Amino acid sequence: TKGTLRGYYPYSESISDLTAIPVEATSDVQTDWMYATPVDNLNNRNFTAMMTMNHALAGVRLSLVKGSYNGVGEITSVSLSSDGAATSAVLDATDGSLSSITGAGASYTSNETFSLATEKKSFDFITIPAGVEAPIALSVMMNGTQMVAEIAAVKLQSGKIYEYIVEVAADGLLLQGLNVIEWNRIDKGTLELQPDNGGSTEPVIEENRITARYLHANDYSEYLYYSGFSGRTQDKIGKTLAFFCVWVYDNNAILFLWR
C-alpha cells in the first residue's frame, strides 16, 4: 500500500481533521502554524521522506531606529492594525489554504519598554492574511506621547514577512523602507525511517536520521490494512524535539506528532 505523508505543526490532540484546523492570531496568541508539502509514494519499502514545512500565516516586523530625535526616547508600546490582517481562520494543512477568515481589522500590540538607539529594535507579529489590500496603521507610545503613521496599502501573503523600517524623528515617524522576506525554510536533512519488521528494536537516533520502529497490523478483513512507523527526533546536542507516529492506511498516510 502506497500513501501520502502530510503533516502540520504544532500538534494538538484536539485536531482530528487536517483539512479544518482552527487558527488564531492575536496579540496574546502568536502561534506559527505550519503545514508540510505532501510526500507521495511511501510504503514499507520506500520509507525515506524529506518533509518541507511551510508557514501558513504572515509576519509583520516593525523595526524602529532613532533618527533626528535628540531625547532619551523611552518606548512603552508599539502597535499596528490593518484591514488586511485577521484574527481567525480555518487552515487546510493538505495544501496550506485558509478559509472562513474572520476578525479583519486586527490590531497587535507589544508593551515592551526600551530606549531608542541607532541600532534597529524589531517587533514581530504573526497575523492571518485577510485577502485584501489595505494600509497598516502604526502607533508608538514614546515618553508618554502617542506617535502615529499610516503605511501604504499592501496585500499580506502567507509565508512572507513584511519588515517595515521606521525612523523615529523629531517631527514624527518616517518610513525608511519595506523588505518583503520569504519566511525561512531550513533544510534539516533527510528523515530516514528504518523498519525492523518486528517491532522489537528501539529507535536509534543519529543526526538527521531516525532508525524507527516499524509497526504493522492486519485484522484480515477485506479492506482494513495499515502499517506505520514510530520514533522521535532530536537536535544536534541530543535534546528530544518531538515524538512521532506515521500510519499508512487506505492509500493515505497520517502523521501524529507530539512533544
Side-chain angles (χ1 to χ4, degrees), residues 10 22-34 54-89 91 96 98 100-186:
V23 296
E24 184 180 1
T26 66
S27 292
D28 297 326
V29 180
Q30 289 280 282
T31 303
D32 181 10
W33 285 98
M34 305 178 75
N54 309 283
H55 297 273
L57 307 185
V60 177
R61 175 176 297 153
L62 297 179
S63 295
L64 301 181
V65 295
K66 188 174 185 178
S68 59
Y69 182 77
N70 293 322
V72 175
E74 184 182 62
I75 306 294
T76 54
S77 75
V78 174
S79 64
L80 65 87
S81 62
S82 175
D83 288 338
T87 57
S88 63
L91 168 65
L98 297 169
S100 302
I101 299 172
T102 59
S107 61
Y108 304 90
T109 300
S110 171
N111 292 315
E112 180 182 348
T113 298
F114 70 99
S115 295
L116 276 175
T118 53
E119 297 81 15
K120 66 181 180 181
K121 170 72 172 179
S122 298
F123 297 85
D124 289 341
F125 301 98
I126 296 174
T127 185
I128 296 171
V132 298
E133 186 175 281
I136 294 178
L138 171 63
S139 174
V140 175
M141 185 68 70
M142 184 174 71
N143 298 334
T145 300
Q146 186 179 33
M147 308 175 72
V148 297
E150 185 172 275
I151 301 174
V154 66
K155 185 176 181 179
L156 300 175
Q157 297 181 30
S158 298
K160 296 184 183 297
I161 296 176
Y162 297 78
E163 181 187 28
Y164 293 93
I165 303 173
V166 179
E167 176 186 335
V168 182
D171 54 351
L173 304 176
L174 302 176
L175 178 64
Q176 286 189 342
L178 165 63
N179 297 319
V180 181
I181 308 165
E182 288 290 338
W183 208 327
N184 288 339
R185 297 175 174 85
I186 301 175

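Just so we're clear, the structure is a prediction, and the values are computed from it rather than from any experiment. Counting begins at 1 with the first residue of the sequence.
For the side-chain contact (heavy atoms from CB on, under 4.5 Å) test with Val60, the passing option among Val154, Ile151, Leu138, Leu156 is Leu156; the others fail.
Between atom OG of residue Ser158 and atom CD1 of residue Ile128 there is a gap of 9.0 Å, rounded to the nearest 0.5 Å. Once rounded to the nearest 0.5 Å, the distance linking OG1 of Thr145 with CE of Met147 reads 8.5 Å. Rounded to the nearest 0.5 angstrom, Leu57 CG and Leu98 CG are separated by 6.5 Å. To the nearest 0.5 Å, the span separating CE on Met141 from OG1 on Thr113 amounts to 11.5 Å. Here the straight-line distance linking atom CE of Met142 with atom OG of Ser77 works out to 11.5 Å at 0.5 Å rounding. From Glu150, atom CD reaches atom OG of Ser82 across 9.0 Å, with rounding to the nearest 0.5 Å.
Scanning both residues, Pro129 and Ile101, for their nearest heavy atoms gives O-CD1, 3.5 Å. Closest heavy-atom contact between Ala25 and Ile126: CB-O, 3.5 Å. Closest of all the heavy-atom pairs between Ala130 and Asp83 is CB-O, 3.6 Å. Contact record, Leu62 with Leu80: CD1-CD2, 3.6 Å, taken as the closest heavy-atom pair. The minimum heavy-atom distance between Ala85 and Tyr108, with the atom names listed, is CB-CE1, 4.2 Å. Residues Ser139 and Gln146 approach most closely at OG-NE2, 2.8 Å, considering heavy atoms.
For Asn143 (side chain) and Glu74 (main-chain N/O), a donor-acceptor pair under 3.5 Å exists by modelled atom type. Side-chain N or O atoms of Ser68 include one that pairs as donor or acceptor with a backbone N or O of Ala170 at under 3.5 Å. Within the 3.5 Å criterion, the main-chain N or O of Glu24 finds no donor-acceptor partner in the side chain of Ser88. Remark: side-chain polar atoms of Ser81 are not paired, donor with acceptor, to backbone N or O of Ala106 under 3.5 angstrom. Using modelled atom types, one side-chain atom of Tyr162 and one backbone atom of Gln157 make a donor-acceptor pair closer than 3.5 Å. Under a 3.5 Å cut-off, the side chain of Lys66 and the backbone N or O of Gly71 do form a donor-acceptor pair. For Thr31 (side chain) and Trp33 (main-chain N/O), no donor-acceptor pair under 3.5 Å exists by modelled atom type.
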When you look at Lys160 and Glu182, which way does the side chain to side chain contact (heavy atoms under 4.5 Å, CB included) test go after all the steps?
-> CA-CA 5 Å; Lys160 296 184 183 297; Glu182 288 290 338; 2.4 Å; yes

Taking it one step at a time, do Lys120 and Glu163 satisfy side chain to side chain contact (heavy atoms under 4.5 Å, CB included)?
-> CA-CA 12 Å; Lys120 66 181 180 181; Glu163 181 187 28; 2.8 Å; yes

Could you please spell out the steps behind the side chain to side chain contact (heavy atoms under 4.5 Å, CB included) verdict for Ile75 and Lys121?
-> CA-CA 11 Å; Ile75 306 294; Lys121 170 72 172 179; over 6 Å; no

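Taking 4.5 Å as the limit, some side-chain heavy atom of Val168 sits within range of a side-chain heavy atom of Leu173.
Counting heavy atoms of neighbouring residues, nucleotides and ligands inside a 6.0 Å radius, atom CG of Asp171 exceeds 12 of them.
For the ring-ring contact (aromatic ring centres under 6.0 Å, His included) condition, the pairs that include at least one residue of residues 116-153, sequence neighbours left out, are Phe114-Phe123.
With sequence neighbours excluded, the residues forming a salt bridge (charged side-chain N to carboxylate O under 4.0 Å, His left out) with Asp124 are Arg61, listed by chain and number.
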